[in-house]
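FYI, side chains are in, hydrogens and waters are out, and symmetry mates aren't considered; it's all heavy atoms of this structure. Numbers restart at 1 for each chain; the letters A, B, ... are given by sequence-line order, proteins then strands.
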There are 2 protein chains.
Amino acid sequence: MKRPTLKEVAQLAGVSTATVSNAINDKKYVRSEVKEQVYSAMQALNYQPNTIAKSLRKQESRIVGLLISDVANPFFASVARGIEMELAANDYNVLLCNTDSSVEKEREYLEGLIGKRIDGLIVSSAGNTGDYFRSMEETGVPIVFLNRCPQFMNCDVILTNNTRGAYDATEHLIRHGYNRIAIITGPTSLSTGKDRLTGYRRALEDYGISEQDALVKEGRFDIESGYEKMKELLEQEYKPDAVFVSNNSMTLGGYKYLKEKEISIPDQLAVIVFDDPDWAELVDPPVTSVRQPTYELGVQAAKLMMASIKDRKTKHDIMYMDPALIVRQSCGCPADH
Amino acid sequence: MKRPTLKEVAQLAGVSTATVSNAINDKKYVRSEVKEQVYSAMQALNYQPNTIAKSLRKQESRIVGLLISDVANPFFASVARGIEMELAANDYNVLLCNTDSSVEKEREYLEGLIGKRIDGLIVSSAGNTGDYFRSMEETGVPIVFLNRCPQFMNCDVILTNNTRGAYDATEHLIRHGYNRIAIITGPTSLSTGKDRLTGYRRALEDYGISEQDALVKEGRFDIESGYEKMKELLEQEYKPDAVFVSNNSMTLGGYKYLKEKEISIPDQLAVIVFDDPDWAELVDPPVTSVRQPTYELGVQAAKLMMASIKDRKTKHDIMYMDPALIVRQSCGCPADH
DNA sequence: ATCCATCATTTAATCGATTAAATAAACAAA
DNA sequence: TTTGTTTATTTAATCGATTAAATGATGGAT
């Protein structure tokens, strides 16, 4: 029950606590003979150094906070995996926090994390300004913003090139000859929502197609709104002949509606979606999608974090990862070529 | 950069550190007038209590370790979400560890977690004996085993009733009249793999069907083996007329093969799968599945954990959650009824 | 006037490590 | 012999909170 302390190890080994510490941490000036004594004392007592005490003294927790809306979203799950892998390789642990996209919860977690003296924070914020991250930034704790870019902050940001992804998807639909291309977009308060809409618009513009208000539906990046918006699109007077769905959850909802109504893809409606679902090739026709390098996104976020922590670098960048258009058949492309 | 300490707050407020501590933690015997002084001193300095120091003194970290093979697996992602929600409600944080099903990594993480003095561990172990969890158990840290049941341990276990789920699926196929029912099972070294196979066997037995070795394929619970095993089943002499795929990843792989070869479901092969994919209703025909209450599983695991931590209860249970057979059409059932 | 209980606050030890500074020993150089 | 350098180890302070025990007030009961 009670765990042995370094002091007890020292007593058993017949040396001072300083020597034990030096032995454990492989500092110089410890005779190998003494080292052996210390090691066997550790063995004998089954000693496990208390990281909390170490953290207090060294002023570092070796913990990085991860603040996301929901690990159950495959995008975040994959990102989280990448982050955790990379950080673990550097001997850092990840504290997982799900905010449900609630700014209020974000605040609460943040306060807790500050208290926990995390060494860094990787966050995909639901807020658009990020003002309440200031308190953390001021204490010198590095922050990496992931896929959401708050304004006015001096920290690293890593983003999928959302505008580009949306542009490519839209352009692909345009080239197929569709001229009533709809978008189910996310909240424009989020940079992801805004950027994907921008990419869509820019493509239309570049090809001289005027945007139709009726074809732009703003969802909430969740399943329900995906369903709703798809329904609206297909029940309204002015129907689209193609649609770009701007995230995975809304795709799930949107497809549910299409299946229920037995809408034929791509004949009645061509579809391209953002985020490449694991089932993309299992449905008929296979789904054309914009794939984000999710795992890599996590790994890179973690690398930026490690650089900030270790090198104490204060110059920060914004890093873009390119998404890839995975052409399958829901857009109207033939199966073989 | 340097953060204010309780001591500095005390100085500014003109009281002792003990009083500040009492004020913060709402102990009795602090005059409300003094409390106000303390609060405003905290405000003025933007004081955030150092949880690490608190943890050291109170001998509790308020952190629970979560040891799973991979958060990117939707099953674990959902479970993790449930756990985190419930623990957060009790003011505990979750430290996320992905082991990749490697016993070696499990060991390493475990050692780190012991050092970190986590207050509890929720684990879905890849090992079958769990002997190396002994060291943690001995220190009095409660462990909840999730979905995998190690032998010989005195701790809580929460499981989906895997045997039942597999039995129900197999029985359903039998009642459809299929008589060459295959299973793509997981490693039998894992209780999940073993139990699902047991359920399958029991159903066959109960209905007087003799098991055919050629129809039992042991995969590794991953996408690749799902593909392989499905391929084996359909390329061999003795082909099945129905198959039960025993987890989500193998389902993904198995379906990939079926799609490639344009196997018609359920005519050429009826299918029931373990774990209800989010795309179950989007493919044609919709997939009949055994759904585990994943989120609930997480919530319950966390509740067991909280009970162990708070009540210091030493009597431990094994808790079963019932899966549900979601009947759709891949098993051969008609669409409407 | 004395004693006691209750309320309010302070003093100082404590949690378990790290680490700067002090000390000691061994040996070489002048 | 004295001085200095390098190696090896110990002493004691420190990180920032909590908390048991000590101390001071205050007021009521006897």
| note | A/L56 CG to C/dT14 P, in whole Å, measures 17 Å
| Hey, which of A/T51, A/N93, A/N50 is the one that makes side chain to side chain donor-acceptor pair (under 3.5 Å) with B/K116? | A/N93
| note | Checking D/dT11, D/dC15, C/dT10 against the side chain of B/S16 (C-beta onward), the nearest is C/dT10
| said: Taking 4.0 Å as the cut-off, does a side-chain nitrogen or oxygen of A/Q59 come that near to OP1 or OP2 on D/dG16? | reply: yes
| message | Is there a side chain to side chain donor-acceptor pair (under 3.5 Å) between B/S102 and B/T99? Walk through the geometry before answering. | response | CA-CA 6 Å; B/S102 145; B/T99 66; over 6 Å; no
| query | For B/R117 and C/dA17, what is the distance between atoms CZ and P respectively, to the nearest whole Å? | reply | 7 Å
| task | Nearest whole angstrom, please: distance from the C1' of C/dT6 to the CZ of B/R31. | result | 15 Å
| query | Among B/R107, B/E111, B/E106, whose side chain to side chain donor-acceptor pair (under 3.5 Å) with B/Y132 holds? | reply | B/E106
| Rounding to a whole Å, what distance do you find between A/M42:CE and C/dG16:C1'? | 14 Å
| said: Rounded to whole Å, how long is the line connecting atom NZ of B/K7 with atom P of C/dT10? | reply: 15 Å
| Rounded to the nearest Å, what distance is computed from the NZ atom of residue A/K116 to the C1' atom of nucleotide D/dG16? | 16 Å
| query | Roughly how many Å is it from CD in B/E8 to C1' in D/dG16, rounded to a whole number? | reply | 10 Å
| In whole Å, what is the span from the CD atom of A/E60 to the P atom of C/dG16? | 20 Å
| said: What I want to find out is whether B/K310 reaches B/D119 closely enough, with some N-O distance under 4.0 Å, to be called a salt bridge. | reply: no
| message | Between the side chains of A/R81 and B/D70, is the shortest nitrogen-to-carboxylate-oxygen separation below 4.0 Å, so that they form an ion pair? | response | yes
| request: Kindly point out which of C/dG16, C/dC7, D/dA17 is positioned nearest to the side chain of B/Y29? | output: C/dC7
| message | At under 4.0 Å between heavy atoms, how does the protein contact nucleotides 18-23 of chain C? Give one character per nucleotide, 5' to 3', with B, S or -. | response | BB----
| query | Do NZ/NE/NH1/NH2 and the carboxylate oxygens of A/E137 and A/R134 come within less than 4.0 Å? | reply | yes
| request: Kindly determine whether A/N46 and B/S135 satisfy side chain to side chain donor-acceptor pair (under 3.5 Å), including the steps that lead there. | output: CA-CA 9 Å; A/N46 189 26; B/S135 56; 6.0 Å; no
| Taking the side chain of A/N50 as its heavy atoms from C-beta onward, which of D/dA17, C/dG16, D/dC15 lies nearest to it? | C/dG16
